[in-house]
Structure formats: structure tokens, C-alpha cells
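Numbers restart at 1 for each chain; the letters A, B, ... are given by sequence-line order, proteins then strands. Below, all heavy atoms of this structure are taken into account, side chains as well, without hydrogens, waters or symmetry copies.
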2 protein chains.
Amino acid sequence: MEALTARDTQPAARNVLFIMADQLRRDYLSCYGARHLATPNIDALAARGVRFDNAYAQGAVCGVSRMSYYTGRYMSTHGATWNFVPLPAHNTTLGDHLRTLGLRVAVVGKTHVIGDREALARMGAEALSPAARLALQGGFEPYARDDGIWPGAAVPAGNQYAGYLREQGYAGPNAWHDWANSGRGPSGEILSGWQMRWAHLPAAAAERDCETAYTTRRGMQFIEECGEAPWCLHLSYIKPHWPYVAPDPYHRLYSPHDVPSPVRAPEEREQGHPVQQGFQRLAPGRNFSDDSRRRHVVPAYMGLVKQLDDHLGVLFDFLTRRDLWKSTLVVFCSDHGDYLGDHWLGEKELFHDAIVAVPLIAVHPGADARRGAVEDRLVEAIDLLPTFIESLGGTPPSHQLEGRSLLPLLLHGECPAGWREYAVSEGDYAFRSPVRHGTGQPVDACRMFMLRSHGWKYVHYENLPAQLFDVRNDPHELCDRGRDAALAQVREEHAQLLFGWLRQRRIHPTVTDREIDGWTAREARAGPHIGVW
Amino acid sequence: MEALTARDTQPAARNVLFIMADQLRRDYLSCYGARHLATPNIDALAARGVRFDNAYAQGAVCGVSRMSYYTGRYMSTHGATWNFVPLPAHNTTLGDHLRTLGLRVAVVGKTHVIGDREALARMGAEALSPAARLALQGGFEPYARDDGIWPGAAVPAGNQYAGYLREQGYAGPNAWHDWANSGRGPSGEILSGWQMRWAHLPAAAAERDCETAYTTRRGMQFIEECGEAPWCLHLSYIKPHWPYVAPDPYHRLYSPHDVPSPVRAPEEREQGHPVQQGFQRLAPGRNFSDDSRRRHVVPAYMGLVKQLDDHLGVLFDFLTRRDLWKSTLVVFCSDHGDYLGDHWLGEKELFHDAIVAVPLIAVHPGADARRGAVEDRLVEAIDLLPTFIESLGGTPPSHQLEGRSLLPLLLHGECPAGWREYAVSEGDYAFRSPVRHGTGQPVDACRMFMLRSHGWKYVHYENLPAQLFDVRNDPHELCDRGRDAALAQVREEHAQLLFGWLRQRRIHPTVTDREIDGWTAREARAGPHIGVW
């Protein structure tokens with residue numbers, strides 16, 4: 001009887017559909033205010049659930065951000081400080097936690113996880129054993145893992161999407177690149193989408209064979225295959241990430257006239273922060289700062305977003321037909337955004353809202369009262385994993401997870417006591433040696449820490465001035481107040497927040513808070529009894 | 001010819017003898033100023049090499065300190081925050097690093113390492129495989145691992161020292177406790193050394209069968225067994241740690257009159273720091289604050305130190321006979337000290353010099369010019385692992401190791417540029433729930449950070465006043481200036497040092513600094529080429 005009551009007051013989800021887009025800017029979705037393109041299916045998802053308007057990714061590059069999503073831990077704690085950095089072996093992942101709760105946990109699409117093979121070897125684990133394979137995949141069953149981005153001569157053996165393309169008759173050692181990510185010249189020559197100049201061309205592959213369409217189908221296939229067994233699917237679209245090549249008709253839906261003006265000010269370049277200037281001087285920043293190039297490329301990005309929205313429509317219809325909304329927690333998010341010329345920058349890596357303020361929509365089956373709600377509290381990507389665990393009836397392990405369950409917000413719009421006053425995002429620009437050389441810093445002094453409080457965004461750089469943005473009065477973050485003497489106190493307050501945050505990291509993944517709390521009692525029972533007369 | 005020259009200028013060691021005592025106070029060694037007992041063999045070691053007078057352990061309990069010695073990383077980075085906390089799987093250890101250099105690396109005695117079995121299971125490693133067994137032992141071949149401290153009914157199966165005692169005819173399910181760590185009453189009854197009142201009794205076992213004698217013999221046995229093959233032996237004495245029971249004649253060498261006065265002031269108790277007061281109220285603090293009890297116990301502690309010194313004499317003679325000094329780097333240290341009533345405290349856990357200022361003596365075979373040198377620069381326990389690696393001709397991996405090689409100090413007394421300005425030690429008092437309850441702090445707010453600069457010792461406590469000691473004018477640390485308004489600036493300076501230290505932790509064990517530095521060049525060669533027009 002008690003169990004029934006508990007279930008009535010807090011309905012549990014049975015499955016988790018964890019959808020992520022790669023490099024998707026929030027303001028390119030109409031539910032987040034985009035006027036230059038419409039994303040009715042993502043908008044409909046927001047209408048079904050809660051849209052978070054202040055959600056922050058924990059990193060400004062794929063690897064850092066994703067490892068935080070997957071481990072529920074900040075970069076300072078998980079230790080994967082850039083792309084392609086193996087996830088250190090002390091981390092547990094979403095797969096570990098949800099599998100324990102009885103779900104089959106798989107990925108379709110991209111994760112960017114590199115396993116810690118050195119730790120495997122150290123422990124004598126057989127890399128081909130089922131457990132090791134899972135560990136190397138960051139805890140996800142690689143149902144259709146396709147990390148992609150293979151501009152070279154070949155994709156790795158076993159890549160499923162490349163295999164699919166071959167089956168469809170697309171020829172060449174790297175059909176992914178040559179067909180899905182390239183256009184064709186007048187004589188049929190391959191024009192690589194990695195060159196921005198070809199962004200206006202349609203992909204050489206048919207739309208139904210491009211990544212977004214394929215990924216959606218594989219995702220639905222996984223869900224069908226699971227039948228009545230509970231599942232978690234990380235449906236992880238590789239688009240609208242580079243290369244900016246959209247298949248027909250998406251390559252021609254938008255014109256240069258549809259491209260919104262860049263968000264930038266001359267001072268950002270002339271008196272900008274040294275790290276920001278360093279990134280502005282890299283190829284993406286230089287080319288996106290050229291308006292004609294920018295207007296040439298962004299329509300393709302928009303087409304890729306539109307394609308994604310269309311396929312999410314297909315997916316959501318599938319969920320409706322299968323009656324899965326009532327049992328499935330559905331989350332949509334992005335790992336980070338794309339500068340697209342804002343702030344004289346291309347790509348990502350820094351902490352403007354264009355990059356780290358990510359879209360986040362969550363639809364909980366039991367949250368009828370919250371349909372269409374908008375939540376403006378500060379939330380973080382690392383909040384998702386404890387939300388999943390709690391929604392499934394589990395208890396998030398507080399010694400490992402650094403985020404907070406959003407379930408009270410999803411179900412009742414209630415703010416748990418002491419909700420966070422700032423969000424954190426981190427990075428390390430040492431991986432970009434031209435930027436580092438421009439600052440004169442050694443490799444080990446390039447960690448960046450962003451704190452976004454209610455009124456301010458503060459970015460700490462080692463041995464360099466901080467950045468500070470007044471997000472209330474300067475929402476576009478055009479005016480860096482990091483050297484404004486009148487705001488020294490604000491910077492100091494944020495430095496103190498960062499200091500406190502650093503002291504509170506969850507550094508002990510191998511002992512629970514409960515064990516710590518019970519240590520003295522346990523010793524009193526079992527000994528050793530030290531100090532007895 | 002070049003190789004000869006290189007060897008001449010920086011002679012490499014071939015073996016490493018890494019001797020550690022447990023809970024040994026530095027000021028109970030005559031080379032460190034003890035007047036109440038003589039330790040001629042340790043003094044002779046100091047005369048052969050370099051004695052460090054400002055060496056700090058990275059933790060104030062065995063587990064934290066030892067994991068720092070073994071990993072070359074601070075507690076904030078290795079994550080083993082107290083005794084019995086499994087060493088998280090992302091750490092590499094002394095064994096891993098030195099084995100790579102071709103040495104056989106073993107322990108005789110205690111390590112306190114608990115392996116990360118959850119990570120092993122996560123990776124599907126077979127716990128009985130050779131690699132997993134090494135990982136579970138913190139990288140040490142358990143040649144004769146005897147962690148000890150088993151006051152209960154039995155010692156674990158396979159404990160070698162317990163087996164040895166059985167072979168010698170010592171009866172009972174826990175001969176270690178009943179014979180080596182207990183005395184006998186008038187009717188032959190077992191009087192446990194875990195009770196301080198029996199500290200005056202001799203151990204029931206013969207001296208040659210007690211831990212220190214046995215450990216020394218096993219250590220020499222290992223060295224003999226290695227023959228010409230290079231080795232690293234962690235010879236890790238469990239004494240003079242509790243229980244305070246010395247075998248005959250060591251139990252009667254010192255009397256209550258030989259015991260030095262306690263270092264303490266009334267204000268330390270009356271207006272002491274809340275955390276310090278919490279520890280003062282625990283049994284060890286209460287009993288050691290009673291002078292008659294203290295004078296009853298300390299002679300046994302002194303006897304154990306004397307016994308250790310005598311056996312080190314045997315060991316050093318053995319090294320001489322085998323002509324091993326010319327090929328072996330010999331280090332002697334302690335994991336931490338013992339309050340023995342100083343500051344109204346017993347045991348350890350806090351950051352007075354009695355605990356964290358450890359003895360450290362290093363004898364490098366090639367450092368003839370430095371015999372008998374005294375080094376007062378601030379060094380840390382984590383400096384040993386890079387010293388070992390460099391002495392053996394290897395290169396310390398800077399992305400994992402946080403200490404600095406002492407080799408330049410050992411060989412030439414040279415201070416590498418930018419030597420540290422402060423030493424750090426850490427702890428977590430949440431494991432002592434009565435202390436925590438006294439402060440009213442939650443489990444996750446009990447981390448302690450000590451910074452010892454040239455002039456000050458600063459201890460940060462979350463949500464509580466800091467402690468501050470003027471180590472030049474108050475070398476006994478009797479006057480806590482943590483609430484002295486006149487020193488607010490000094491505290492703030494040390495808080496800023498701590499803030500900077502926290503930002504610089506080596507959080508990425510899976511990617512080297514060299515790989516980071518070379519990333520851009522690698523990408524320029526291999527792609528992806530992002531941002532190209």
C-alpha cells in the first residue's frame with residue numbers, strides 16, 4: 001500500500017531516450033527564439049515538457065562536455081580535458097548506473113568516448129571481454145556507434161554507418177566522407193565538405209542515406225528490438241557539426257539572406273582577451289569573420305538543423321505510435337554550440353552563451369502539470385544523470401555524481417533548497433598550441449574555468465586577466481569587463497566562488513558518503529580500538 | 001665515450017631501497033635532535049647522505065600519506081581520502097613506473113593499499129590474474145606484505161607474518177596480536193597492547209620474532225634473492241605504530257623519567273580550534289593528556305624506535321657486506337608522526353609538525369660530495385617517486401606526478417629554478433563522526449588543506465576559522481593565530497596560494513603534456529582540418 005502511494009506521488013519512468021545533437025546552437029531552434037528557421041518538432045517536444053532556458057554544458061568542446069554528461073562529473077573531476085583524451089578509469093558512467101537499474105543502455109551515433117586502455121592493461125583486463133568492451137565504450141553498448149569525422153582516406157574497420165553506405169552502393173574507401181560529407185563538381189569530382197567553399201553544394205549521398213536519417217532509423221530499430229524490456233538509448237546525432245554539407249533539399253532551403261547578423265563588436269577583436277584573440281586568429285575564426293564566407297556557410301548549417309528537426313518529427317511519431325511517451329523520459333540537448341562568426345570566432349572552445357548555453361528539453365511521463373513549462377533556474381549537463389537515476393527509482397550516488405537531480409523541477413517546478421547559484425564550464429586551451437604560444441603560458445597553465453552566476457559570467461585564466469560579462473545588461477556578451485576597475489569586487493566575488501567550488505569536488509569515487517559517515521560506528525564495533533587505557 | 005661522460009656527471013642508481021617507518025616522529029631520532037634516546041644507525045645513514053629538515057607528508061593518516069608516496073600525487077588528485085579507502089583506478093604507482101624501468105618492485109611490510117575492486121569488475125579484469133593482483137597491491141609485488149593491525153579474533157588467511165609466528169610455535173588464532181602485540185599477566189593471561197595500561201609489559205613473543213626483526217630479515221632475503229637483477233624494495237616497518245608493545249629488552253630501556261615533556265599550552269584546549277578540540281576529546285587525546293598515562297606509554301614507543309634503529313643497523317651492515325651502497329638509492333622516511341600528548345592530542349590526523357613534518361634521509365650512490373648534508377628546502381613525500389625514476393635514468397611523467405625530483409638536491413645541493421614556496425598536506429575529518437558532529441558540518445564539507453610556507457603554517461577548514469601558526473617565532477605551534485585580526489593579510493595570502501594550488505592539480509592522467517603540446521601539429525598533419533575555406 002505504501003509502495004502504491006509512493007508511486008502515485010512520483011511516477012517512475014521506465015525507459016530513457018537521451019537525444020543529443022552535436023554543435024547545435026540553442027538560438028537556431030524556434031522554441032529558443034530563432035526567427036530565421038522553424039523547428040516545429042523540437043518546439044512540440046518543448047510543449048510536451050519542460051524547456052530549460054539556463055542550461056550550461058560543462059565544457060566547450062565535444063569531449064569535455066560529453067564526458068561530463070556521461071559521468072555526471074565536472075572536467076576537474078573526470079579528467080578528460082579535451083577531445084580524444086581517454087576517460088580515466090576511476091569514472092563510472094551513465095551506462096554503469098542505468099544498467100544496474102535493469103536497463104539495456106546503448107548508443108546510436110556519436111559519443112567521442114576513448115577508453116582508458118592503459119588502465120585496462122594495468123589491471124590485466126582482456127580488452128575484448130564484454131565488460132572491457134563496455135568500459136572502452138564509456139559504458140554504452142555500441143549498438144550503432146558512429147563517431148564519424150573521418151576526413152582522411154578511410155574510416156575505421158567496423159564503422160557501421162560506413163558499412164551501410166557501402167551496402168547502398170556508395171563506392172570508395174571512405175564513403176562517409178566522399179558521399180555524405182562531400183558534394184560533386186561539374187565533372188563529378190569530389191568536393192570535400194571540410195572546405196567551407198563547398199557548403200552550398202548538396203551532399204553526394206541521398207538524404208535518406210545521410211547521417212541524421214540513418215541515425216534516426218537505427219535508433220527506432222533499437223527501441224523496437226528492446227520490446228518490453230526497459231532501455232536507455234543515447235541517440236546522439238553527429239549533426240549539425242562540421243563538415244557543413246546538407247543533402248538535397250536541405251542544402252537549398254535557406255539563402256544568405258536568411259542568415260542572421262553576427263553578434264560581435266569591433267572591440268572584441270581590437271582589445272579582446274589574449275586567449276580569445278588567439279582563437280580569432282585560427283582558421284575558423286578568420287573565415288567566419290568574413291561576412292561573405294559566413295553567409296555562404298550558415299545556410300548549410302541551418303539546413304542540417306532543419307533536417308534534424310524533420311527526423312525528430314519522425315522519431316516522435318514513432319514514440320506516439322508505440323505509446324512510449326507514457327513510460328519514457330525523453331531528453332533533448334546539445335553538447336555545445338557553434339560560434340558561426342559571433343565574437344569574430346568560428347568553431348567553439350570558449351565560453352560565450354553561443355557555445356555553452358545549450359538547449360535542454362525534458363519530457364517526464366508523469367509530469368502532466370508541467371507541459372510547456374519554461375524553467376530559468378541554472379542547470380547543468382551533469383544534472384541529467386542523477387535525473388535519469390532518480391526518475392527510474394534509483395538513488396544517485398552522491399560521492400561520484402556532482403550534479404543534482406532535476407526531477408523536482410520536472411514534476412512540480414519545485415526548487416530544492418539551496419539550489420545552485422552558479423554554473424561551471426571548463427576547458428584547456430593548451431591543446432591549441434598557437435593560442436597558447438600567443439599567451440606565453442606553459443602547457444600546464446592553460447586551464448580555463450567559467451562561472452555563470454545570475455548576473456555575471458566570469459572566466460578565469462591562469463596568469464592572464466579574467467573575463468567578465470554583465471549578462472543582464474549585455475546579454476550578447478560583447479563588452480568584456482574583465483579589466484574594468486569599477487568591477488574588481490564582482491570579479492573577486494566570483495573568484496571566491498571558484499575557490500569554494502574547487503574545494504568541493506567529489507574526489508573520492510571509491511568510498512560513499514554513507515560509509516564515511518558510518519566509519520566511527522563501524523570501528524567502535526569492530527576495532528581497532530585506538531587510545532584505550 | 002659519451003655514455004661514460006654522462007654516467008660520470010650523473011651516476012645512475014641501479015636499485016632502490018625505500019624504507020618507511022609507521023607513525024615515527026622525527027624528533028624521536030637523535031639526528032633530528034632527540035636527546036632522550038639515541039638512534040646511531042639512522043644517524044649514520046644521515047651522515048652517508050642528505051637529511052631533509054623540512055620534508056612534509058601529504059596526509060596526516062597512513063592511507064592518505066602512503067597513497068601520496070606511492071602515486072606521487074596529492075590526496076586531491078589520488079582520491080584515497082582516508083585509511084581503507086580504495087586507491088581509485090586512474091592512479092599509476094611506484095610499482096608501475098619502476099617496473100617499466102626494469103626493476104623488480106616488492107613490498108616487505110605494510111602499504112595500507114586497498115585496490116579498486118569496483119573498477120576491476122567494471123573492466124572485467126580477473127582479480128586473480130597477475131596484473132590485477134599487482135593493481136590490487138598498489139603495484140607492489142607482495143613479497144611479504146603484512147599490513148598488520150589485527151586486534152580481532154583472527155588475521156586474514158595468507159598473512160605471512162602470522163604464518164611465521166605459527167611456525168615458531170606461537171599458538172592461537174591471532175598469534176600476531178596475542179604474542180607480538182600483547183604482554184602476559186601474572187597467571188599467563190593475554191594483556192592486549194591495544195590497551196595503553198599494558199605498555200610497560202614486554203611482548204609475549206621473543207624479540208627476534210617481533211615485527212621489526214622479522215621485517216628486516218625478510219627484506220634482506222628479498223635482496224639476496226634478487227641477486228644481480230635490479231630491484232626496488234619498499235621495506236615498510238609497521239612500528240612504532242600502535243599497539244605500543246615492545247619486546248624484551250626494549251620494553252625496559254626507557255623509564256618515565258626519560259619521556260620529554262609534552263608540547264602544549266592551556267589555550268590550545270580552552271580556546272582551541274573546533275576540529276582540534278574534537279580530536280582532543282577522542283580517547284587518544286584524553287588519555288595522552290593525562291601525564292601519568294603518557295609517561296607510562298611513551299617509553300614503549302621509544303623502545304620500539306630503538307629496536308627499529310638496531311635492526312636498521314643490521315640491514316645497513318648487510319648492504320655494506322654485499323657492497324650495495326654503490327648501486328642503491330637508499331631512502332628512509334616515515335608516513336607521519338604521533339602526537340603522544342602534544343597539543344593535548346594522541347594519534348594523528350591533524351597538521352602539527354609532530355605529525356606531518358616527517359624524517360627524510362636519502363643516500364644516493366653518486367653523491368659523494370653531499371655526505372652528511374642537511375637540506376632545509378621544502379620537500380614533499382611526493383618528490384620521492386620522481387626522484388627514484390630520475391635516479392634510475394627514467395623520465396618522470398609530468399602529467400601524472402605532482403612532485404619534483406630531488407636528484408639535483410641529492411647530487412649537487414642545487415635548487416632547481418622555481419622550487420616550491422610551500423608544502424601541502426590534506427585530510428578529511430568526516431571519517432571521525434564525533435569530530436564532525438562537534439563542528440556541525442555535513443560529510444562533504446570536512447576536507448582540510450594545510451599549506452606550510454617558509455614563515456607560516458596555514459590550515460583551511462570549510463565554514464570554520466582557519467588555523468595559522470607563525471613557525472619562525474612559535475616553532476612549537478602553540479599559538480593559533482587563525483583569528484588574530486592583525487594577521488588577516490597573511491591568511492588571505494595563504495588562501496590565495498591554496499586557490500592557485502587547487503587550480504594546478506594534474507587532473508588528466510591519460511594524456512601527456514607532450515601529447516597536448518603536439519596536438520595542433522598532429523592535427524595539421526592528419527586532420528580533421530576545420531575552418532578551411
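- For A:His508, the parts lying near chain B are the backbone and the side chain together; criterion is any non-hydrogen pair under 4.5 Å.
- B:Val511 is listed as a side-chain neighbour of B:Ile516, based on a closest heavy-atom distance under 4.5 Å.
- Heavy-atom distances place no part of A:Arg514 under 4.5 Å from chain B, backbone and side chain included.
- Looking at A:Asp96, the atoms closer than 4.5 Å to chain B (heavy atoms on both sides) all sit in the side chain, from C-beta outward.
- At a 4.5 Å heavy-atom cutoff, the contact between A:Val85 and chain B is made by backbone and side-chain atoms alike.
- For A:Glu347, the part lying under 4.5 angstrom from a heavy atom of chain B is the side chain only.
- Contact of A:Leu498 with chain B is made through backbone and side chain together, with heavy-atom distances under 4.5 Å.
- A:Trp501 and A:Tyr74 have perpendicular rings, their planes meeting at more than 60° on a 0 to 90° scale where under 30° would count as parallel.
- Of the listed residues (B:Leu282, B:Val297, B:Thr92, B:Ile114), the greatest number of heavy-atom pairs within a distance under 4.5 Å of chain A belongs to B:Thr92.
- With chain A as partner, the option from B:Arg122, B:Gln504, B:His529 having the largest number of non-hydrogen pairs under 4.5 angstrom is B:Arg122.
- The side-chain heavy atoms of B:Thr71 and B:Leu87, taken from C-beta on, include a pair separated by under 4.5 Å.
- Counting heavy atoms from C-beta on, the side chains of A:Tyr461 and A:Phe449 never come closer than 4.5 Å.
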Quiz item: What's the verdict on salt bridge (charged side-chain N to carboxylate O under 4.0 Å, His left out) for A:Arg503 and B:Glu462, showing C-alpha distance, side-chain angles and the deciding distance?
Solution: CA-CA 8 Å; A:Arg503 298 192 306 262; B:Glu462 214 61 30; 2.8 Å; yes
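- For a residue to count as touching a neighbouring chain, one of its non-hydrogen atoms must lie under 4.5 Å from one of that chain's; by this rule A:His296 touches chain B with the side chain only.
- Both the backbone and the side chain of A:Asp513 come within less than 4.5 Å of a heavy atom of chain B.
- Proximity of B:Met67 to B:Val113: side-chain heavy atoms (C-beta onward) are separated by under 4.5 Å at one or more points.
- Counting heavy-atom pairs under 4.5 Å between each of A:Met196, A:Met75, A:His90 and chain B puts A:His90 at the top.
- Remark: B:Arg432 engages A:Glu523 in a salt bridge, criterion side-chain N to carboxylate O under 4.0 Å.
- Options A:Glu126, A:Arg117, A:Arg293, A:His78 differ in how many heavy-atom pairs under 4.5 Å they form with chain B, and the most are formed by A:Arg293.
- Of the two parts of A:Ser433, the backbone and the side chain both hold a non-hydrogen atom closer than 4.5 Å to a non-hydrogen atom of chain B.
- Counting heavy-atom pairs closer than 4.5 Å to chain A, the top-ranked of the candidates B:Ser192, B:Gly285, B:Gly346, B:Ser76 is B:Ser76.
- The two atoms that bring B:His112 and B:Gly63 nearest to each other are CD2-N, 3.9 Å, heavy atoms only.
- Proximity to chain B (any heavy atom under 4.5 Å) is restricted, for A:Trp82, to the side chain, taken from C-beta onward.
- Of the residues considered (A:Arg286, A:Glu515, A:Arg506), A:Arg506 shows the highest number of contacts with chain B, using heavy-atom pairs under 4.5 Å.
- Minimum interatomic distance between B:Ala119 and A:Met123 (heavy atoms only, all atoms of both residues): CB-CE, 4.1 Å.
- Contacts between A:Tyr244 and chain B at a heavy-atom distance below 4.5 Å are absent for every atom of the residue.
- Side-chain contact between A:Arg281 and A:Phe279: absent, with no pair of heavy atoms (C-beta onward) separated by less than 4.5 Å.
- In this structure the side chain of B:Thr81 reaches within 4.5 angstrom of the side chain of B:Phe431, judged on heavy atoms.
- Checked against the 6.0 Å centroid threshold, A:Trp344 and A:Phe288 do not count as a close aromatic pair.
- For a residue to count as touching a neighbouring chain, one of its non-hydrogen atoms must lie under 4.5 Å from one of that chain's; by this rule A:Asn463 does not touch chain B.
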Exercise. Decide yes or no on side chain to side chain donor-acceptor pair (under 3.5 Å) for B:Gln280 and B:Ser289, but give the supporting numbers first.
Key: CA-CA 8 Å; B:Gln280 286 167 345; B:Ser289 294; over 6 Å; no
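- Top candidate by heavy-atom pairs under 4.5 Å with chain B, chosen from A:Pro130, A:Gly527, A:Ala80, A:Ala430, is A:Ala430.
- For chain B, the nearby part of A:Arg447 is the side chain; its heavy atoms alone come within less than 4.5 Å.
- Here B:Pro86 is the residue among B:Ala526, B:Ala283, B:Pro86, B:Ala125 with the most heavy-atom pairs under 4.5 Å with chain A.
- The most heavy-atom pairs under 4.5 Å with chain B, out of A:His399, A:His460, A:Glu118, come from A:His460.
- When side chains are defined from C-beta on, A:Trp194 counts as touching A:His177, because their heavy atoms get closer than 4.5 Å.
- B:Arg436 touches chain A through its side chain: at least one heavy atom from C-beta onward sits under 4.5 Å away, while N, CA, C and O do not.
- Contacts of A:Asn91 with chain B are made by backbone atoms alone, with heavy-atom separations under 4.5 Å and no side-chain atom involved.
- Highest contact tally toward chain A, considering only B:Pro284, B:Cys446, B:Gly124, is held by B:Pro284 [criterion: heavy-atom pairs under 4.5 Å].
- Other residues, nucleotides and ligands place more than 12 heavy atoms under 6.0 Å from the CD atom of B:Gln195.
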